[in-house]
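Below: one structure in C-alpha cells.
Note that the structure is predicted; figures quoted are calculated from it, not measured. When a residue number appears, it is its place in the shown sequence, counting from 1.
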Amino acid sequence: MINLMMIDTPEDKRKFVVLYEKYRHLMMKITMDVLHDPYLAEDAVHNAFISLTRNIDKVEEPDGIPTKLYLIACARNAAIDLYRKRSSQVKKETLLEEAAEKDGYVTYIDSELENGILDILKNLPLKYRDVFMLKYVNHMENQEIAEVCGILEGTVRQRIARGKVMIERKIKEMEENLNGDNTGNG
C-alpha cells in the first residue's frame, strides 16, 4: 500500500494496517450513502485513509469508540468533499452542453447555497455532527447511535435537537447573507 510509505514508524504502520482492515468496509458504506457510486466511494475512502496517514499519531486505540468516530468523520468528510467537487463539475458540464445545443448566452448557476449547507453540516461541532449524520445519513435508530457512541439514548435525542437548531440558525444566516449580497450590489 502506498499509504504506508507516508508513515514513519513501524508501530504506526501496524496501527494503520489494523485500522484499514477493521474499518474500510464501514467507511465504504458511509461514503456510498453520500455518493451512491462505488467508484467515487472508493476514491473517498482512499482520500480518508490519506488523511489518516497525516494524523496517525492522533489515533490511540484502534478498537476505541473515539477512533471509530474519527474514521467515520474522515470518511464522511472525504465523501462530502468529493460530492461537492463532482456536483460542481457536472453542473458546469451540463451548462456548457446546453449552451452548445442552443448556441445562446450561458449563465453560470451558482451552487453557493448547496455548498453552504454541506459546509454547515461539515462544521457542526463533532459531537452533534456525528450523531446527526449517523441518524440521517446512515439511517440508524437512536438506540443504535447510543450504543455506537457510548452515550445514553436521551443524549442522542438531545444532540439531534440541538444540531437541528444550529443548522436552522446557520441556514438563516446564510440565506440572509446571500439575499444581502444580491440586493446590496444593485
Return the set of residues passing side-chain hydrogen bond (donor to acceptor under 3.5 Å, both in side chains) with E147 (not counting sequence neighbours), or none when no residue passes.
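So E147 forms a side-chain hydrogen bond (donor to acceptor under 3.5 Å, both in side chains) with Q143.
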
K135 meets the salt bridge (charged side-chain N to carboxylate O under 4.0 Å, His left out) criterion, sequence neighbours left out, with none

The salt bridge (charged side-chain N to carboxylate O under 4.0 Å, His left out) partners of R76 (sequence neighbours excluded) come to D130

Under the side-chain contact (heavy atoms from CB on, under 4.5 Å) test, residues paired with E144 that sit two or more places apart:
M140, E141

Salt bridge (charged side-chain N to carboxylate O under 4.0 Å, His left out) against K127, all qualifying residues, sequence neighbours excluded
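Applying salt bridge (charged side-chain N to carboxylate O under 4.0 Å, His left out) to K127 gives none.
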
Results of side-chain contact (heavy atoms from CB on, under 4.5 Å) for E60 - residues two or more places apart only
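With sequence neighbours excluded, E60 shows a side-chain contact (heavy atoms from CB on, under 4.5 Å) to no residue whatsoever.
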
Measure the spacing between CD1 of I80 and NZ of K85 and express it to the nearest 0.5 Å.
13.5 Å

Can you list, pair by pair, the side-chain donor-acceptor contacts under 3.5 Å of residues 29-42, counting residues two or more places apart and other chains?
from : atom 1 : to  : atom 2 : distance (Å)
K29  : NZ     : D33 : OD2    : 3.2
T31  : OG1    : M27 : O      : 3.1
T31  : OG1    : M28 : O      : 3.0
T31  : OG1    : A41 : O      : 3.3
H36  : NE2    : D33 : O      : 3.2
D37  : OD1    : Y39 : N      : 2.8
D37  : OD1    : L40 : N      : 3.2

Pairs involving residues 158-168, ordered by first then second residue, that meet side-chain hydrogen bond (donor to acceptor under 3.5 Å, both in side chains) (sequence neighbours left out)
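For residues 158-168: Y136-K164.
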
Which atom names give the shortest non-hydrogen contact between C74 and S51, and what distance separates them?
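The pair with the smallest heavy-atom distance is SG-OG, 4.3 Å.
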
Result block: side-chain N/O donor-acceptor pairs under 3.5 angstrom for residues 149-157, not counting sequence neighbours:
none

Salt bridge (charged side-chain N to carboxylate O under 4.0 Å, His left out) pairs touching residues 48-57, sequence neighbours excluded, are none

Determine, using the 4.5 Å side-chain heavy-atom cutoff (strictly less than), whether F132 and I171 are members of one ILVMFWY cluster.
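As far as the 4.5 Å side-chain criterion goes, I171 and F132 are connected within one cluster.
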
Enter the distance from N47:CG to N77:CG here, rounded to the nearest 0.5 Å.
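Spacing of CG (N47) from CG (N77) equals 11.5 Å.
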
Between L19 and V59, is there a side-chain heavy-atom distance shorter than 4.5 Å?
yes

Listing request: all side-chain hydrogen bond (donor to acceptor under 3.5 Å, both in side chains) pairs with a residue in residues 63-74, at least two apart in sequence or in separate chains.
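Sorted pair list: K22-D63, N55-Y70.
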
Validation row: F49, V45 side chains within 4.5 angstrom (heavy atoms):
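The answer is yes, as the side chains (C-beta and beyond) meet within the 4.5 Å cut-off.
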
Any residue meeting ring-ring contact (aromatic ring centres under 6.0 Å, His included) with Y128, in chain and number order, not counting sequence neighbours
none

